[in-house]
Protein chains: 2
Amino acid sequence: MTEPNPKDPAAIPDAAKRPGRDGKSNATIYDIAKLAGVNPSTVSRALSKPGRVSAKTQKLIEDAAAELRYQVNPFARALPTGRTNTIGLIVADITNPTFFDIIRGAQATATLRDYTLVLAESAESGVTELTAARRMMATADGLILASPRMDDNDIRALAADKPVVVINREVDGVPCVIPDVGKGISEAVRSLAANGHRKLAFVAGPPQSWMSARRWEGVQAACEWSRVTPVRLESSRPTVDGGRQVARDVLASGATAVMTYNDLLAIGLMQELQAGGMAVPDRISIVGFDDIFGADFTTPPLTTVRSPLGECGTAATTRLLDLLVGEGGDAGTLRVETELVLRGSSGRVVRQG
Amino acid sequence: MTEPNPKDPAAIPDAAKRPGRDGKSNATIYDIAKLAGVNPSTVSRALSKPGRVSAKTQKLIEDAAAELRYQVNPFARALPTGRTNTIGLIVADITNPTFFDIIRGAQATATLRDYTLVLAESAESGVTELTAARRMMATADGLILASPRMDDNDIRALAADKPVVVINREVDGVPCVIPDVGKGISEAVRSLAANGHRKLAFVAGPPQSWMSARRWEGVQAACEWSRVTPVRLESSRPTVDGGRQVARDVLASGATAVMTYNDLLAIGLMQELQAGGMAVPDRISIVGFDDIFGADFTTPPLTTVRSPLGECGTAATTRLLDLLVGEGGDAGTLRVETELVLRGSSGRVVRQG
DNA sequence: GCCATCTTGTCAACCGGTTGCCAAAAGTTG
DNA sequence: CAACTTTTGGCAACCGGTTGACAAGATGGC
């Protein structure tokens, strides 16, 4: 009774499971070696070290591998070599569309070069971020940090361990990819100045944000050049809600134009101002940053300083992968251009009355 | 001369590199065993099989592990066990915000339960999707397919190998999580009918999309109930651009209200219609699906049938993880409710003239 | 005080690749 | 054709965990 009966119908699923569990994806190099009549190590070489075995043996092994539908076991490979063909990407907030394009660019590039992308979120917190990074370090060959919130030193410590590329921030000694805000901002401020604006409010992002600081600097510099008075305002969070909340401060500032740390803030701000009866752009001009998905859904569509985010993701990934194969130049910073995207939310000052 | 001199300055970086390269993340269970004076296998058991070793030894080992900052090597663990603590998520299109919330929900849930999420994209193609899925199967413990485009049989074949959960589609014999469109659609159609609409166009999504078919069925059923005439139109792609392109068909159809397969189509359609001078909702009402990020950025904000996408991601992940620890019920379908979100893009028919 | 039972730790094999080292085979040269 | 160089394939150790089998020690019953 307890003896397995091969004809017992109940035994069939068990027997059928075998090839599913054991036989499905586990032709090993040993199986190939047996089939091809060579040594496993020869198989290993044929499959990973091009030119190390003769063309004849190579073909023999490749045929056997094809016949058995061989797939390398990534773990078995990772164990002795440490290479995993995986890169990690850590973003501050997955729900923030700013990162969408970065993720997309990174994903595409990684796939193209036969790497797998692993995604983690730091919830805008430096400590969560560091934890996630440490965890990823264990399994990934390298790391991309997008808009990291952690300490410069932590980043460098990470980079000492494995290749790291940073997006949207500049860290000494670590390769970085950053949008160069200069051009886009000066275009924006010049455009506003040309439309008669004399006082410009800048709604800042998170205090730890390196990029927010750069943008504020850029705005100040451009304002000086164009003889516009800049005013800095703080936001609670870099989100649509944060934008709504800062509306009263914006009104109180008396500025006729606003630039915000990002598009989310700009959109929230615009909604709140319009809800309060302020015409955009007739009474107040609004300029965002990044040109995220949805920035042109608003009425009027949002004028914004576009950062080529997808390009950043692509560039950072390319950089990292080059580093991994050892051909990466050293820790320079790659700058990508920003530009003004003029839409409907900015324009001439209309004399109130 | 060739003898290493401990005082030789040139030797220092080499010596310093050791702990960086070898000593950084590689305390092994062997190191712990040595420090604690026990056998490596005892360490392994202490660390993974609770209760298998005495409390005294347990403490000894834990202390040693803490002192050495031990971290398991996931590959060494994965090799003999096959468990990787990784789950894969495949989405049709990363740039489509529909998936944002799904990704986010899945990511959060996975992290919470100490799993890593790996993301892949199928570019809306069944074959790319299958390739990606096969690849992931090799490294992940289970898979979540969001809006899969591949064949039912392919999905079942995958599911025979390792646990698979499907979102936004129902596949016999495979656990699924789907928004139940019935409630949301009937609310929407009833609302439109109450506002005097008698002819409703439905802009369909991709032909292979299971969900698109369900939504069309739902619309037909609700229309019959409310005595509204449904017309089906096709879209080229389920994107903003696809929505713009379908605008002339919508006009030609003579319908006074439109429901679209998703919000992206609705937004594109609204932009195009407005650009052509059609007032929304005065001349035509538009209702989308999903309530994605940005659906309320438009003017008027988009009325839409909300699918709790984040919830779907969370539920699917929970389901999958339960399956992995063996406590998952069998292949049932989990339905989550949809509801109408009434915003400004739908309303009463205004007599033209 | 002896034997049965349970607990706890050890041994050794194994997962599936990679790689340094070496010897056999093949190719080259005088 | 011998001597030498270059290819090519095989052997075996190793990466760092897991786990079945087993034995020593602790516990308990009679």
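In the text below, chain A, chain B and the rest are named by the order of the sequence lines, each starting its count at 1. Because only heavy atoms are used, hydrogens play no part in the values below, and waters and symmetry mates are left out as well, while side chains stay in.
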Inset, instruction - Look at the side chain of Asn39(A) and decide which nucleotide, out of dC11(D), dG17(C), dG9(C), has an atom nearest to it. - result: dC11(D)
Inset, instruction - Answer with base, sugar-phosphate or nothing: what part of the nucleic acid does Ser54(A) contact at a heavy-atom distance below 4.0 Å? - result: sugar-phosphate
Inset, instruction - Send over the distance from Ile29(B) CD1 to dC14(D) C1', rounded to a whole Å. - result: 15 Å
Inset, instruction - To the nearest Å, give me how far apart CZ (Arg45(A)) and P (dG17(C)) are. - result: 15 Å
Inset, instruction - With DNA chain C as reference, determine whether Thr28(A) or Ala55(B) sits nearer its 5' end, using the nearest nucleotide of each. - result: Ala55(B)
Legend entry - Given dA21(D), dC11(C), dG10(D), the nucleotide with the shortest approach to the side chain of Ser41(B): dC11(C)
Inset, instruction - Write down the distance between CG (Leu79(A)) and P (dC14(D)), rounded to a whole number of angstrom. - result: 14 Å
Inset, instruction - May I ask you to evaluate whether Thr42(B) reaches the phosphate of dT10(C), defined as a side-chain N or O under 4.0 Å from OP1 or OP2? - result: yes
Inset, instruction - Please determine, for the side chain of Ser44(B), which listed nucleotide (dG17(D), dG9(C), dG17(C)) has the closest atom? - result: dG17(D)
Inset, instruction - Compare the minimum distances between each of dG9(C), dG10(D), dG16(D) and the side chain of Arg52(B), then state the nucleotide with the smallest one. - result: dG9(C)
Inset, instruction - Calculate the interatomic distance between Leu60(A) atom CG and dG9(D) atom C1'; express it in whole Å. - result: 13 Å
Inset, instruction - Using atom types as modelled and distance alone, determine if a side-chain donor or acceptor of Glu129(B) lies under 3.5 Å from a backbone N or O of Arg149(B). - result: yes
Legend entry - Proximity to the side chain of Asn73(A) - top-ranked nucleotide from dG17(C), dT8(C), dG17(D): dG17(C)
Legend entry - Separation of atom CD1 in Ile61(A) from atom P in dT8(D), rounded to whole Å: 12 Å
Inset, instruction - Would you indicate which nucleotide in dG16(C), dT19(D), dG17(D) comes nearest to any side-chain atom of Tyr30(A)? - result: dG16(C)
Inset, instruction - Kindly point out which of dG10(D), dT19(C), dG16(D) is positioned nearest to the side chain of Lys49(A)? - result: dT19(C)
Legend entry - Donor-acceptor under 3.5 Å (Asp322(A) side chain, Arg319(A) main chain): no
Legend entry - Between dT18(D) (C1') and Leu47(B) (CG): distance, integer Å: 12 Å
Inset, instruction - Can you tell me the distance, in whole Å, between the CZ atom of Phe75(B) and the C1' atom of dT18(D)? - result: 17 Å
Inset, instruction - Would you give the length of the straight line joining atom CG of Leu35(A) to atom CD1 of Ile61(A), rounded to the nearest 0.5 angstrom? - result: 10.5 Å
Legend entry - Beyond-backbone contact of Leu145(B) with Met150(B), side-chain heavy atoms, under 4.5 angstrom: yes
Legend entry - NZ/NE/NH1/NH2 to OD/OE distance under 4.0 Å, Arg134(B) and Asp154(B): no
Inset, instruction - Measure the distance from CG on Asn85(B) to C1' on dG17(D) and round it to the nearest whole Å. - result: 14 Å
